[in-house]
Structure formats: C-alpha cells, structure tokens
2 protein chains.
Amino acid sequence: MTARRTGRRPGNPDTRDAILAAARTAFAERGFDAASIRAIATTAGVDPALVHHYFRTKEELFRATVAIPIDPAELLPRVLAGGRDEVGARLVRTFLGVWDSPVGTAAVALLRSAVSNQWTARLLREFLTTQILRRVLDQLDLDPAEAPLRGSLVSTQLAGLAMMRYVIRLEPVASATPDTLVATIGPTLQRYLTGPLDQS
Amino acid sequence: MTARRTGRRPGNPDTRDAILAAARTAFAERGFDAASIRAIATTAGVDPALVHHYFRTKEELFRATVAIPIDPAELLPRVLAGGRDEVGARLVRTFLGVWDSPVGTAAVALLRSAVSNQWTARLLREFLTTQILRRVLDQLDLDPAEAPLRGSLVSTQLAGLAMMRYVIRLEPVASATPDTLVATIGPTLQRYLTGPLDQS
DNA sequence: GTCTATAGGCGGATAGAC
DNA sequence: GTCTATCCGCCTATAGAC
C-alpha cells in the first residue's frame with residue numbers, strides 16, 4: 001500500500017507531460033481539427049498509440065490541454081480589488097498578462113478551435129459566461145437588467161483584441177506594449193462595465 | 001461570332017451558381033479546411049467532379065466565394081459622409097448591415113477560415129488594411145503617426161463584435177438590435193478614431 | 001457538360017505482441 | 001509502458017469515357 005494508491009494518473013509522468021506540451025502548441029497553432037495526433041506524437045518523440053493510451057481520444061487530449069492551466073478564480077480578485085474606476089484598465093492588463101504568458105498558449109488553442117468546431121465553441125462560451133463574466137459582474141454590483149449586455153460587450157472587445165493580437169497578428173496591435181493597450185482599450189471596458197449604455 | 005465571345009465563363013451558369021451558393025454556406029458554417037468539396041457538391045445537387053471542372057481547386061472556389069460580394073468602395077462613402085462626430089455610429093451600423101445581410105455569409109466564411117488557415121488569414125489581413133482601414137483613415141485626415149494604431153484598435157472591436165455575434169453567438173450580443181449596438185459600440189469606435197489615445 | 005473510376009494521401013482509433 | 005500492424009474512413013485531385 002504505497003502513499004499514492006489513489007488519484008495516481010496512469011503512465012509515465014515525463015512522457016505524459018511531453019505529449020501535453022506538444023499538444024498545447026499544436027492546438028494553439030492549428031486549432032483542434034487541423035492538429036493531428038500523429039503530428040503531436042512526432043513532436044513529443046513518442047509513438048502515436050501512446051497518445052491514445054494516455055488520453056484515450058483526441059477530444060479528451062484537448063480538454064486536458066486547455067482545462068488545466070487557466071484558473072480564473074485566482075486572477076479575478078486582482079482585477080476586482082482596488083478602485084471601481086480602474087476596473088477597465090486592470091482587466092486589460094490582467095488579460096494581456098495571461099495571454100502573453102506560456103499559459104496563453106492554451107487560450108489561443110481554445111480561441112482558434114472555437115471558430116471551426118462546435119463543441120469547442122460551446123466550451124469557450126460556457127467558460128466565458130460561468131467562469132469570467134458572472135464573477136466580474138457580480139462583484140461590480142450592477143443593475144441585473146443591464147449586466148448581461150455589459151458583460152457580452154466586454155467579451156466582444158477582449159475577444160477582438162485576442163483575435164487581432166494573437167491570431168491574425170494585425171499590426172500595430174500585435175506588437176503594441178501592454179501600457180499602450182491598457183491606455184486605449186481600458187476606457188472602453190470601463191464604459192461597458194460602469195458607464196452609461198446609451199451615449200458616451 | 002456571338003456577342004459573348006470574350007469574358008464568357010465556362011460551364012452552365014445555373015450549375016455554377018448552385019455550386020457557389022452551396023460553397024458560400026458551407027465555408028461560412030465550417031471554415032475552409034472543414035468544408036469539403038464533396039459535401040458542397042451534394043448540397044448543390046451536382047457531381048463533385050463538376051466543382052473541379054468549374055473552379056479547378058478548392059482554393060479558387062473559396063476565392064470566388066468570398067471575393068465577389070464584398071465591395072467596400074461602394075459602402076465606405078456612406079460611412080464617411082456626414083458629420084465627423086458620428087463616424088463611429090455610422091461605422092457600426094454599416095458593419096452590421098453587411099454582416100446581417102446575405103452578403104454577410106461570405107464575411108463569416110472569411111473570418112472563420114482565417115483562424116485555422118494561414119493563407120486565408122493573410123487574405124483577411126490584407127483586405128482589412130488595404131481595402132478598409134486605409135480608406136477610412138485617409139478620409140478622416142488623422143495624424144499619420146497615430147493612424148495605424150487607431151485603425152487596428154477599430155479592427156479589434158469590430159472583429160470581436162463579429163466573432164461574438166456571428167460565430168460564437170454569445171448572448172445577448174448575438175440577438176441585440178442594431179440600435180443597441182450602435183449606441184453602445186459606436187462611441188468606442190468614435191474614440192478610437194478621433195478621440196485622445198491615452199485617456200478617455 | 002457531365003459522370004465514373006481511381007490514384008494517392010492523411011486522419012482517428014483499436015487489438016494485441018513484447 | 002511501449003510499439004507494430006492494421007482497419008476504416010474521408011479528403012483533393014485527375015484521367016478519361018460518354
């Protein structure tokens with residue numbers, strides 16, 4: 001009776017991590033459909049059959065790839081702490097912090113895949129609504145009648161920022177400094193969250 | 001020597017149009033990679049080989065699908081006419097008019113494909129920069145040092161709007177009336193185009 | 001113009017030997 | 001745990017008969 005009788009995942013941890021890392025970049029660069037298990041296995045230096053051995057299906061591999069590294073419960077308090085008037089700026093800065101980090105690879109994978117694949121789109125939509133938007137909106141104590149619209153407006157701006165900066169790579173947004181984007185896009189989010197909804 | 005000795009496209013126009021229509025919806029719903037010539041042919045009620053007969057390759061079929069119906073030279077004057085202070089609002093309204101129309105199907109196809117396919121991403125990027133942004137920015141007579149940033153900021157907001165409304169279908173943005181979106185997002189574009197770039 | 005037949009490739013998944 | 005062998009499917013594209 002060893003100490004790890006429960007919760008132990010099957011397989012050699014090193015091999016498993018190598019597959020996960022290769023899968024993360026593959027899904028981020030090509031999206032769910034275009035990424036192939038065979039290519040991922042080659043990059044990881046393992047046999048394709050091993051990928052199935054560890055993750056059973058391509059879908060479960062994708063889930064393991066994107067689900068692990070994003071934990072909004074840890075980040076959001078930092079966004080919501082501090083003055084209510086700077087929520088927009090802090091939201092942009094935190095957002096960029098996640099996407100510019102290694103963790104952002106998983107986010108790119110999710111966004112890329114969500115566009116050409118129905119069930120990943122649903123995954124993204126549910127992640128947005130239940131994990132991010134609801135928490136932010138709850139904390140800001142908004143009019144319940146307006147909150148959903150405010151939340152989805154924020155989503156449009158942040159999704160577009162991610163698309164242009166990390167997927168399409170449109171300049172100069174793709175290479176702009178976080179400070180520039182915080183200064184320009186922060187006020188937009190601020191107005192979507194706490195400003196008037198009709199006129200600027 | 002008939003009147004149409006030159007410029008006559010090969011093939012039966014009806015069949016050709018049926019293929020084009022089927023291709024437009026297929027590319028819009030599934031993106032370039034996932035859409036198949038076989039499925040397009042089935043929807044159009046023709047033989048797969050005919051698709052190649054008319055359009056040679058899948059890539060040329062895609063080009064014919066998205067290139068024809070979008071002509072910014074016709075729309076942009078409407079956006080730019082009138083007061084400089086309402087450019088943002090008119091830009092949103094025109095944008096929604098295009099995407100909500102049948103023509104918008106081609107736009108969805110381009111956006112969806114651009115995410116999982118390099119050469120379509122380049123197609124979209126060049127379309128944005130040379131056909132849309134340059135014309136708008138030129139007409140507004142902006143500081144040349146700031147114009148590129150302003151243009152790409154506008155792109156982030158419009159791309160995100162398209163993503164959430166037409167691809168991910170996040171509510172309530174997906175079902176919002178044009179008036180609502182013009183009132184909320186118009187001011188954002190207005191500030192990106194003519195407002196201060198540092199603070200709101 | 002239209003269709004049949006097929007070449008030639010890559011994909012996910014599985015069974016079973018070692 | 002790891003790998004070989006293989007099934008079975010879908011794809012684009014082409015040659016050539018009708």
Side-chain angles (χ1 to χ4, degrees), chain A residues 2 4-5 7-27 29-66 109 112-113 116-120, chain B residues 2 4-5 7-27 29-66 109 112-113 116-120:
Chain A
T2 73
R4 41 177 160 73
R5 226 187 62 229
R8 176 75 159 82
R9 286 189 175 277
N12 180 331
D14 288 353
T15 311
R16 198 172 189 280
D17 286 352
I19 295 172
L20 261 186
R24 193 132 47 218
T25 61
F27 284 133
E29 282 170 3
R30 329 227 320 124
F32 178 81
D33 290 331
S36 80
I37 290 188
R38 287 157 130 95
I40 289 170
T42 303
T43 305
V46 305
D47 191 278
L50 271 186
V51 180
H52 284 108
H53 177 66
Y54 285 116
F55 300 95
R56 289 190 48 84
T57 68
K58 188 181 178 183
E59 186 170 322
E60 283 188 41
L61 172 61
F62 182 81
R63 262 191 246 278
T65 296
V66 300
R112 253 213 171 87
S113 305
S116 59
N117 195 287
Q118 282 208 325
W119 75 265
T120 51
Chain B
T2 74
R4 38 176 161 76
R5 226 188 60 231
R8 176 71 160 83
R9 288 189 175 274
N12 181 329
D14 289 352
T15 311
R16 198 175 188 279
D17 287 352
I19 295 171
L20 260 186
R24 192 133 46 221
T25 61
F27 283 133
E29 283 170 3
R30 329 231 314 125
F32 179 81
D33 291 332
S36 81
I37 290 188
R38 287 157 128 96
I40 289 169
T42 303
T43 304
V46 305
D47 190 277
L50 271 185
V51 180
H52 285 107
H53 177 68
Y54 286 116
F55 298 95
R56 289 191 47 81
T57 68
K58 188 181 179 182
E59 186 170 322
E60 282 188 43
L61 172 60
F62 182 81
R63 262 192 246 278
T65 296
V66 299
R112 256 216 168 85
S113 305
S116 60
N117 195 286
Q118 283 209 324
W119 74 264
T120 51

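Atoms considered below: every heavy atom in the structure, side chains included; atoms not considered: hydrogens, waters and symmetry mates. Just so it is clear: chains get the letters A, B, ... in the order the sequence lines come, proteins before strands, and each one is counted from 1.
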Check: Sequence neighbours excluded, which residues qualify as side chain to side chain contact (heavy atoms under 4.5 Å, CB included) partners of B:Thr43?
Finding: B:Ala22

Check: Tell me: CG of B:Asp47 to C1' of C:dT6, nearest whole Å?
Finding: 13 Å

Note to self: Expressed as a whole number of angstroms, how long is the span from B:Asn117:CG to D:dC11:P?
What the structure shows: 17 Å

Margin query: Counting primed atoms plus P, OP1 and OP2 as sugar-phosphate and everything else as base, spell out the protein contacts along nucleotides 8-15 of chain C at 4.0 Å heavy-atom distance: B, S or - for each nucleotide, 5' to 3'.
Written below: ---BBBB-

Item checked: Partner residues of B:Asp33 under the side chain to side chain donor-acceptor pair (under 3.5 Å) criterion, sequence neighbours left out -> B:Asn117

Next item on the list: Report yes if a side-chain nitrogen or oxygen of B:Tyr54 is closer than 4.0 Å to either non-bridging phosphate oxygen (OP1 or OP2) of C:dG1; otherwise report no.
Entry: no

Item checked: Which residues share a salt bridge (charged side-chain N to carboxylate O under 4.0 Å, His left out) with B:Glu60, sequence neighbours left out -> B:Arg56

Check: Would you call the rings of A:Trp119 and A:Phe32 parallel, tilted or perpendicular if under 30° counts as parallel and over 60° as perpendicular?
Finding: perpendicular

Margin query: Can you measure B:Phe62 atom CZ to D:dC11 atom P for me and round it to whole angstrom units?
Written below: 18 Å

Notebook entry, point to check: Which residues pass the side chain to side chain contact (heavy atoms under 4.5 Å, CB included) test with B:Ala41, sequence neighbours left out?
Noted result: B:Val46, B:Pro48, B:Val51

Checklist line | Gap between atoms NE2 and P, on A:His53 and C:dC18 respectively (whole Å) | finding: 18 Å

Check: B:Leu50 has an atom CG; how far is it from atom P of C:dC3, in whole Å?
Finding: 5 Å

Notebook entry, point to check: Taking only side-chain nitrogens and oxygens of B:Thr15, does any of them come within less than 4.0 Å of OP1 or OP2 of C:dG1?
Noted result: no

Item checked: All salt bridge (charged side-chain N to carboxylate O under 4.0 Å, His left out) counterparts of B:Glu59, not counting sequence neighbours -> B:Arg63

